[in-house]
Amino acid sequence: MSFTPPYQYINGKELAEIMKSEKEPLKDYVVVDVRDGDFIGGNILNCLQSPSTKLEDNMDELIEKTKDVKKVIFHCALSQVRGPKSARMYAEARQEKLKDEAPDQEVLVLRGGFTEFQAAYRDDPKLVEKWEKEVWGPDGSGWY
């Protein structure tokens, strides 16, 4: 018997296409950044910051804000632990809270997290804001 997570993955290019389309943040999609103390050096434009260490305490508020959004995209720095775990927790809590009244929604995890996204799109103000060379290095390749 295999485990199927309650989320799928989206890559940076797919997210960039959504953000640059006619789709509306907090209606058609929302990006939830669950980085904690590492929420530095920039972020995805219009993201909701919901630190993973406080996610459980703030879950009802997050569900209320996002319950009608079609795509909810979670990420952390690399989307290897906190991003997927937060997506799973959110999907399960949303289903439990809203039950059969839950509108259709895709729960996604950004593959590569903010680290890969900023490396590709740091110079695009329609995608990334507050990017800091001092944090990422001159080429955006990682912690400087």
Side-chain angles (χ1 to χ4, degrees), residues 2-98 102-144:
S2 65
F3 171 74
T4 303
Y7 57 84
Q8 295 181 332
Y9 282 89
I10 184 172
N11 65 43
K13 183 178 182 208
E14 293 167 320
L15 176 57
E17 288 170 1
I18 289 169
M19 292 176 70
K20 288 186 164 192
S21 71
E22 299 298 315
K23 306 274 187 215
E24 207 175 309
L26 279 174
K27 181 179 177 195
D28 299 306
Y29 74 94
V30 65
V31 176
V32 181
D33 188 328
V34 297
R35 290 179 291 162
D36 300 295
D38 55 339
F39 186 80
I40 57 171
N43 58 271
I44 295 175
L45 189 67
N46 296 316
C47 73
L48 294 180
Q49 185 188 12
S50 187
S52 67
T53 55
K54 298 178 182 172
L55 185 66
E56 199 168 353
D57 294 338
N58 299 329
M59 188 65 76
D60 286 345
E61 181 183 341
L62 182 61
I63 291 169
E64 191 58 37
K65 274 186 192 174
T66 61
K67 69 179 180 186
D68 296 319
V69 179
K70 295 175 179 138
K71 292 180 190 291
V72 179
I73 303 147
F74 286 83
H75 78 84
C76 57
L78 299 171
S79 290
Q80 293 179 352
V81 177
R82 293 173 295 173
K85 180 180 178 182
S86 298
R88 179 189 55 78
M89 289 171 56
Y90 170 84
E92 291 171 356
R94 182 179 183 269
Q95 184 59 43
E96 178 65 30
K97 181 175 176 138
L98 301 178
D104 287 343
Q105 183 178 80
E106 264 187 287
V107 178
L108 303 161
V109 174
L110 177 61
R111 191 174 303 282
F114 186 68
T115 301
E116 282 188 22
F117 195 82
Q118 68 78 30
Y121 302 108
R122 67 184 175 273
D123 294 326
D124 191 332
K126 292 182 179 178
L127 300 175
V128 174
E129 66 180 355
K130 302 176 188 164
W131 188 83
E132 296 177 24
K133 179 173 73 173
E134 296 76 22
V135 173
W136 296 102
D139 63 356
S141 62
W143 300 104
Y144 193 48

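This is a predicted model, so every value here is computed, not measured.
- For the pair F114/V128, a side-chain contact is recorded, criterion being any heavy-atom separation below 4.5 Å from C-beta on.
- With V34 as the partner, the side-chain contact (heavy atoms from CB on, under 4.5 Å) test is satisfied by one option alone out of P51, C76, S79: C76.
- No side-chain heavy atom of E96 sits under 4.5 Å from any side-chain heavy atom of E92.
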**Request:** Could you please spell out the steps behind the side chain to side chain contact (heavy atoms under 4.5 Å, CB included) verdict for D33 and I44?
**Result:** CA-CA 8 Å; D33 188 328; I44 295 175; over 6 Å; no
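- Interatomic distance, NZ of K13 versus CZ of R111, reported as 15.0 Å (0.5 Å rounding).
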**Prompt:** Passes side chain to side chain contact (heavy atoms under 4.5 Å, CB included), V31 versus H75? Steps please.
**Reply:** CA-CA 8 Å; V31 176; H75 78 84; 3.5 Å; yes
**Message:** Let's go through D124 and K20 carefully: what are the C-alpha distance in whole Å and the side-chain angles of both, what is the deciding distance for side chain to side chain contact (heavy atoms under 4.5 Å, CB included) to 0.1 Å, and is it a yes or a no?
**Reply:** CA-CA 10 Å; D124 191 332; K20 288 186 164 192; 2.4 Å; yes
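- Rounded to the nearest 0.5 angstrom, K23 NZ and E17 CD are separated by 11.5 Å.
- By the salt bridge (charged side-chain N to carboxylate O under 4.0 Å, His left out) test, D68 is found to be paired with no residue, residues two or more places apart in sequence or in another chain being considered.
- How far OH of Y9 is from CG of L108: 11.0 Å, rounded to the nearest 0.5 Å.
- Considering all non-hydrogen atoms of both residues, G83 and F74 come closest at O-CB, 3.8 Å.
- Under the side chain to side chain contact (heavy atoms under 4.5 Å, CB included) criterion, E129 pairs with N43, L45, sequence neighbours left out.
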**Request:** Give the intermediate values and the outcome of side chain to side chain contact (heavy atoms under 4.5 Å, CB included) for residues L26 and N46.
**Result:** CA-CA 9 Å; L26 279 174; N46 296 316; over 6 Å; no
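- Closest approach of A87 and V109 over heavy atoms only: CB-CG2, 3.6 Å.
- Here the closest non-hydrogen pair linking Q49 and R35 is NE2-O, 4.2 Å.
- Side-chain contact annotation: Y90 with T66, donor-acceptor N/O pair under 3.5 Å present.
- Within the structure, the salt bridge (charged side-chain N to carboxylate O under 4.0 Å, His left out) test picks out the following pairs touching residues 69-84 (sequence neighbours left out): D28-K70, D36-R82, D38-R82, K71-E106.
- Atom CD of Q118 is separated from atom CG of L127 by 12.5 Å, given to the nearest 0.5 angstrom.
- Between F117 and Y121, the two ring planes are tilted [angle within 30° to 60°].
- Counting only distance, with no hydrogens or angles, the side chain of R94 and the backbone of K67 share a donor-acceptor pair below 3.5 Å.
- In this structure a side-chain-to-backbone donor-acceptor pair under 3.5 Å is present from E14 to N11.
- The CD1 atom of I73 sits 4.5 Å away from atom CD1 of I10, with the distance rounded to the nearest 0.5 Å.
- In this structure, OG on S52 lies 12.5 Å from CZ on F39, to the nearest 0.5 angstrom.
- Of the possible polar contacts, one joining the T115 side chain to the A77 backbone as a donor-acceptor pair under 3.5 Å is found.
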